[in-house]
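Here is the structure we will look at.
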Amino acid sequence: MINPLRGMKDLTFEEARRFEYIVATSSQIARRYGYRYIETPILEETALFKRSVGESSDIVGKEMYQFEDKGGNDVCMRPEGTAGVVRAFISAKLDRQQGKHKFFYYGPMFRYERPQKGRLRQFHQFGCESFGEESVYEDFTLIQMLTQIFDALGIGYTLQINSLGCPTCMPDYRTQLVGFLEGVKGHLCEDCNRRITTNPIRTLDCKNESCQHHLSAAPRITENLCESCQSDFETLQRLLDEAGIAYEVDSNLVRGLDYYSKTAFEFVSDAIGAQSAIAGGGRYDRLVEFLDGKPTPAIGFALGIERIMELVQMPKAPREGYYMGAMTPEALSSILRLAARKRLSDTVTIEYASKGFKSHMKGADKAHARYAVLIGENELKDGTIWIKDMEKNTEETRRVEDGDF
RNA sequence: GUGGGUAUAGCUCAGUUGGUUAGAGCACCUGUUUGUGGCACAGGGGGUCGAGGGUUCGAAUCCCUUUACCCACCCCA
């Protein structure tokens, strides 16, 4: 027997239903905020991710499905969605227009990690990217949209926010932080020592307790923001307060991808194990430029569909459509004709085998059909069908007219 | 990459100090007189006990090896 590869899963039945429901609910809400669907390739040039996600990140450093294709190209299965959308934005030359563009997407992402609860090698994200909007009101709106999505899905969460600064204030802060880190480097773990040169900000969210202890006195980005960043961060908090959206400021919240600046946020659940982030995002005003586009402010988020599948409150599936069956073999051709007609507008399940009444009733129940439609000898003779509403428990015999009933 | 745990029916799991043809619940199929689903009752199909080797008269059970999965570290949505 051939099993799926490690860290890859089939979704069927109830799981597939959850998946569809999350995508449908999220898409519907995103559309209300002006987002439109975008589909980008799963396979991209490796350079795209190296330049956007960042070579210092673990994702690019050790988790990518990277290989050479038959044409000798260095390619990668996308490990996240933003890079591809930004690349598509630039490829379509939308960066040369002045307008605002909002896109949503969903689909598989690939990271070669050790699987565990809430972490697969092929997993799915739903995401939104907003281009051309500089205002912090957009940051707020995006967060608001996420709360609306989670509320619609019946999911509880904690919202954490931070500001990562911008090219004006970040370099100074970074220098300050490196200075501090050099002073305590003897007490920090191996990873953090490496990060001092590769990506010092990442030390802040090191999970090592000893590191956290020694980093507690580290300078905080939120206390070293430039005027513009500071004022935007304050505005964001005021807007959230006014909207009644609860949040925590976590100055150690550092997104794992290098491209974020200013607003960064994360939605966390305490009900799904160690992999608790259910959505994350932030502003990436410099990314379009890094990928050779014209400077364009942008902000986005992604949510992890599999993680949310464990939390979503599903509405009860109603009985739907028709179950049709014959109680005498001669009636099957009538069943087929009627089914074809009904299928122009409704879901129809056909039982090809001629069976007893009770057996058909069981079949209709199992098919979760709203209506059971049967033809026996009497009905065939009279040109009628017998139909029962499985929910209301009402039944009648109807005449077939114009091939329909 | 590092730890720990678990592998018995489609699913969730029992299986006593090694002892006859390996069990339960759920699910599935067929019946309970050719006309009423969910309920009940009766019957049925389905397992080389993850794989390989060893100890033994005898192994699901003890020992070794191996693989897969799960959880945690790490990473992140």
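First the proteins, then the strands, lettered A, B, ... as listed; each starts at 1.
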Salt bridge check, [Y] against [X]: does any charged N sit closer than 4.0 Å to a carboxylate O?
X: Asp389(A); Y: Arg319(A); answer: no
X: Glu14(A); Y: Arg18(A); answer: yes
X: Glu15(A); Y: Lys9(A); answer: yes
X: Glu129(A); Y: Lys102(A); answer: no

Sugar-phosphate only, base, or nothing, as touched by [X] at under 4.0 Å among non-hydrogen atoms:
X: Ile278(A); result: sugar-phosphate
X: Gly356(A); result: nothing
X: Gly118(A); result: base
X: Lys366(A); result: sugar-phosphate
X: Ala302(A); result: sugar-phosphate
X: Phe126(A); result: nothing
X: Asn378(A); result: base

Could you check whether the side chain of [X] and the base of [N] have a donor-acceptor pair of N or O atoms closer than 3.5 Å, going by distance alone?
X: Lys388(A); N: U36(B); value: yes
X: Arg119(A); N: C74(B); value: yes
X: Arg202(A); N: C75(B); value: no
X: Glu379(A); N: G35(B); value: yes
X: Glu377(A); N: U34(B); value: no

Rounding to an integer number of angstrom, what distance separates [N] and [M] when you compare their [atom1] atoms?
N: U55(B); M: G18(B); atom1: C1'; value: 11 Å
N: A9(B); M: U48(B); atom1: P; value: 9 Å
N: G46(B); M: C39(B); atom1: C1'; value: 26 Å
N: A60(B); M: C26(B); atom1: C1'; value: 23 Å
N: U21(B); M: C28(B); atom1: P; value: 32 Å
N: U20(B); M: C29(B); atom1: P; value: 34 Å
N: U66(B); M: U6(B); atom1: C1'; value: 16 Å
N: G38(B); M: A27(B); atom1: C1'; value: 15 Å

Rounded to whole angstrom units, what separation is found between the [atom1] atom of [X] and the [atom2] atom of [N]?
X: Met327(A); N: U36(B); atom1: CE; atom2: P; result: 10 Å
X: His360(A); N: G31(B); atom1: NE2; atom2: P; result: 12 Å
X: Arg78(A); N: A77(B); atom1: CZ; atom2: P; result: 15 Å
X: Lys358(A); N: U30(B); atom1: NZ; atom2: P; result: 13 Å
X: Ile272(A); N: C75(B); atom1: CD1; atom2: P; result: 18 Å
X: Asp58(A); N: C73(B); atom1: CG; atom2: P; result: 15 Å
X: Tyr112(A); N: C75(B); atom1: OH; atom2: C1'; result: 15 Å
X: Leu5(A); N: A68(B); atom1: CG; atom2: P; result: 11 Å

Comparing Ile305(A) and Lys62(A) on RNA chain B - which has the more 5′ nearest nucleotide: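 The residue closer to the strand's 5' end, by nearest nucleotide, is Lys62(A).
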With RNA chain B as reference, determine whether His124(A) or Gly7(A) sits nearer its 5' end, using the nearest nucleotide of each. Gly7(A)
From the options [options], select the nucleotide whose nearest atom is closest to the side chain of [X].
X: Lys362(A); options: C70(B), A77(B), G31(B); result: G31(B)
X: Ala277(A); options: U36(B), C75(B), A77(B); result: A77(B)
X: Gln275(A); options: A77(B), G1(B), C74(B); result: C74(B)
X: Glu113(A); options: C75(B), A72(B), G31(B); result: C75(B)
X: Asp365(A); options: C73(B), U36(B), G38(B); result: G38(B)

Do Tyr371(A) and Tyr323(A) have ring centres separated by under 6.0 Å?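 No.
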Measure the distance between the ring centre of Trp386(A) and the centre of the six-membered base ring of G35(B), then answer whether it is under 5.5 Å with planes under 30°.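 Here the ring of Trp386(A) and the base of G35(B) are not stacked, as the 5.5 Å and 30° limits are not both satisfied.
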How about [X] and [Y]: do any of their side-chain heavy atoms sit closer than 4.5 Å?
X: Arg307(A); Y: Gln275(A); answer: yes
X: Phe103(A); Y: Phe131(A); answer: yes
X: Phe126(A); Y: Ile22(A); answer: no

Should the pair Lys342(A) and Phe405(A) be classed as cation-pi, given the thresholds of under 6.0 Å to the six-membered ring centre and 45° from the axis? yes
Pair assignment for RNA chain B - dot-bracket with | for other-strand partners, Watson-Crick or G-U under 3.5 Å: (((((((..((((.....[...)))).(((((.......))))).....(((((..]....))))))))))))....
Is [X] close enough to [N] that one of its side-chain N or O atoms is under 4.0 Å from OP1 or OP2 there?
X: Gln116(A); N: A72(B); result: yes
X: Arg6(A); N: C69(B); result: yes
X: Lys117(A); N: C69(B); result: no

Would you say the side chains of His124(A) and Glu306(A) form a donor-acceptor pair under 3.5 Å?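 Looking only at side-chain atoms, Glu306(A) and His124(A) do form a donor-acceptor pair, the distance falling under 3.5 Å.
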Given the rule in the salt bridge (charged side-chain N to carboxylate O under 4.0 Å, His left out) test, do Arg398(A) and Glu396(A) qualify, once you have shown the distances and angles that lead to the verdict? CA-CA 6 Å; Arg398(A) 279 189 209 161; Glu396(A) 61 181 304; 3.3 Å; yes
